[in-house]
Amino acid sequence: MNSALVDEAVELARSLPKAELHMHLEGALQPELVFKFSERNDKTPPFATIAELRAEYEFTDLADFISLFLKCFNSLETAQDYEDLTNDYSEHALADNVVHAEIFVEAQASNDADQLMAGCLKAAARWQEKGLDLLFIPTFLRHMPLAEALKSFDELEPYHDIIGGIGLASVEVGFPPENFRLLFDRARELGIKGVAHAGEEGPPEYVWGAIDDLGVERVDHGNRSIEDPVLMARLARDQIPLTMCPLSNLRLCVIDELGNHPLKRFLDAGVNVTVNSDDPAYFGGYLNENFEQTIRALNLHPTDVREIVQNAHDAKFPSPSRNG
Ligand code: ADE
Ligand code: ZN
C-alpha cells in the first residue's frame with residue numbers, strides 16, 4: 001500500500017474517538033509512580049533506582065513479565081494511590097482520544113480491594129465530567145486456586161452492581177479457563193459479564209474453554225485461535241470480540257516482529273478484533289502508539305482502522321449500575 005494511505009490510516013486512528021477494552025490499571029504504573037507510592041507508603045521499592053527498574057523491562061515471556069508486574073504493584077496501598085494511578089492513565093487516554101476505557105484491576109492480588117475501588121471510583125467521577133467513561137473489571141488470578149478467586153469475588157460484593165464485569169488473567173499455560181467455571185457461573189447468575197485472557201500463550205483449546213465453559217462475552221488476546229480454522233469460523237459467526245494488544249505481544253515474545261502479528265488475518269476472516277495497550281507502562285505505548293506501530297507494520301488501510309475502532313465501540317460493556 002502507498003505510504004500516503006498508511007499515514008492517512010495513522011492520522012485517522014489518532015483522531016477518531018476510541019474505546020479501549022483491555023488495559024490493566026497496574027500495568028499503567030510508570031516507574032516514577034512505583035517510587036512515589038513506595039516512598040509515600042513507607043515501603044522499600046523493588047529496585048534501588050528508576051534506571052535499575054527500567055533495565056528490567058526486557059521480558060522473555062508472560063511469566064517473566066508477571067513476576068515484575070506483581071513486585072511493582074506491591075507499592076500500591078491507599079485509595080489515593082489508586083486515584084493517582086487512574087488519573088495518570090486517564091490523562092494519557094484522553095490525549096489519545098479515548099472516550100471509553102474498561103480497566104482491569106487486580107482486586108484479588110491487591111493489599112486492600114476497598115481502597116482500590118474507592119480510589120478508582122473517585123477518579124472515574126472526575127474523568128466522566130471530562131468526557132472519558134471508565135469502567136472497572138476486577139481480574140482473578142488463574143495461577144491461584146479457584147477458592148481464592150471465589151473468596152475475592154465475594155469480598156467485592158458491595159461493588160457487584162457497579163463493576164463492568166469480571167476477568168481472568170495472569171500466567172496462562174497450565175491454567176485452563178474451565179478451572180474457573182464456578183466463578184463465571186456465579187457472576188452470570190448475578191448479571192455480571194465475563195471476559196478472559198486466552199490464546200495469548202495458551203493453545204486454541206483455552207479459547208474454546210473461555211467461550212464454551214466460561215461463556216465469556218469477549219476474549220482477551222486470542223492470538224492462537226489462528227491455528228484452529230473451526231475456532232476462527234466460530235469467532236466470526238458469533239461475532240465474539242477479541243481484544244488484541246500488539247505491542248504487548250511483541251514485548252512478551254508472543255510474536256517475533258510486529259509485521260507477523262495476526263491481527264490483519266483475523267480481520268480478513270471476519271473476526272471482530274480490537275486494538276488495546278494491555279500494560280502501557282511496560283510495553284512502550286498507550287493506545288495511539290499501538291495503533292500507529294500496528295498500522296505501519298501491517299500496512300493497514302483507513303477502512304481497516306475504521307472497522308477496528310468501530311469493533312471496540314460495538315464490544316463495549318454498558319455502564320453500570322444493573323440496579324438502577
Ligand atoms: N496481567 C497483566 N497483563 C497481562 C497479560 N498480558 N496477560 C495475562 N495477564 C496479565
Ligand atoms: Zn491483559
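All values below were derived from every heavy atom in this structure, side-chain atoms included, with hydrogens, water molecules and symmetry-related copies excluded. Residues: numbered from 1 along the sequence shown. Counting convention: from 1, in listed order, for ligands and their atoms alike.
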Any N/O/S atom from [X] (main chain or side chain) under 2.8 Å of the Zn ion (ligand 2)?
X: Asp278; value: yes
X: Cys245; value: no
X: His22; value: yes

Query raised in the report: At what distance is the nearest protein heavy atom to atom 9 (N) of ligand 1, and which residue and atom is it?
Result: Ser170 N, 2.9 Å
Query - Protein heavy atom at shortest distance from atom 1 (N) of ligand 1 - result: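 So the nearest neighbour among protein heavy atoms is His24 CE1, 3.4 Å.
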**Report entry** Euclidean distance, Leu252 CG relative to Asp61 CG, rounded to 0.5 Å
**Finding:**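 So the CG of Asp61 and the CG of Leu252 are separated by 8.0 Å.
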Query raised in the report: When rounded to the nearest 0.5 angstrom, what is the spacing between CG in Leu168 and CG in Asp220?
Result: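 Reported value, rounded in 0.5 Å steps: 9.5 Å.
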Requested in this report: Check all N, O or S atoms of His24 and name the one closest to the Zn ion (ligand 2).
Outcome: NE2
Query raised in the report: Any side-chain donor paired with an acceptor under 3.5 Å for Asn290 and Asn276?
Result: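 Absent: no donor and acceptor within the cut-off.
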Query raised in the report: Is it the case that Arg142 and Asn179 place a side-chain donor and acceptor less than 3.5 Å from each other?
Result: no
Query raised in the report: What do you reckon, are the aromatic ring centroids of Tyr206 and His197 less than 6.0 Å apart?
Result: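 No, too far apart.
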Report summary line: Near Asp278 (heavy-atom distance under 4.0 Å), the atoms of ligand 1 are 3 (N), 5 (C), 6 (N)
Report task. Just jot down the ligand 1 atoms closer than 4.0 angstrom to any heavy atom of Glu200, in number order. Result ->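 The list of qualifying atoms is 5 (C), 6 (N), 7 (N), 8 (C).
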Does ligand 1 have an atom that lies less than 4.0 angstrom from a heavy atom of [X]?
X: Ile66; value: yes
X: Gly27; value: no
X: Phe65; value: yes
X: His221; value: yes

Report task. Kindly confirm or rule out a cation-pi arrangement of Arg296 over Phe291, judged by NZ or CZ under 6.0 Å from the six-membered ring centre and within 45° of its axis? Result ->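 No, Arg296 does not lie over the aromatic ring of Phe291.
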Query - Contact (N/O only, under 3.5 Å) between Asp279 and ligand 1 - result: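 Yes; at least one N/O pair falls below 3.5 Å.
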Requested in this report: Report the relative orientation of the aromatic rings in Phe65 and Phe283; use parallel for angles under 30°, tilted for 30 to 60°, perpendicular for over 60°.
Outcome: tilted
Query raised in the report: Does Glu11 pair with Arg14 as a salt bridge, N-O distance under 4.0 Å?
Result: yes
**Report entry** Same apolar cluster (I L V M F W Y, side chains within < 4.5 Å links), Phe136/Leu29
**Finding:** yes
Requested in this report: Would you mind telling me if ligand 1 is within reach of the side chain of Thr139, the backbone, both or neither, using heavy atoms under 4.0 Å?
Outcome: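 It is neither; nothing of Thr139 touches ligand 1.
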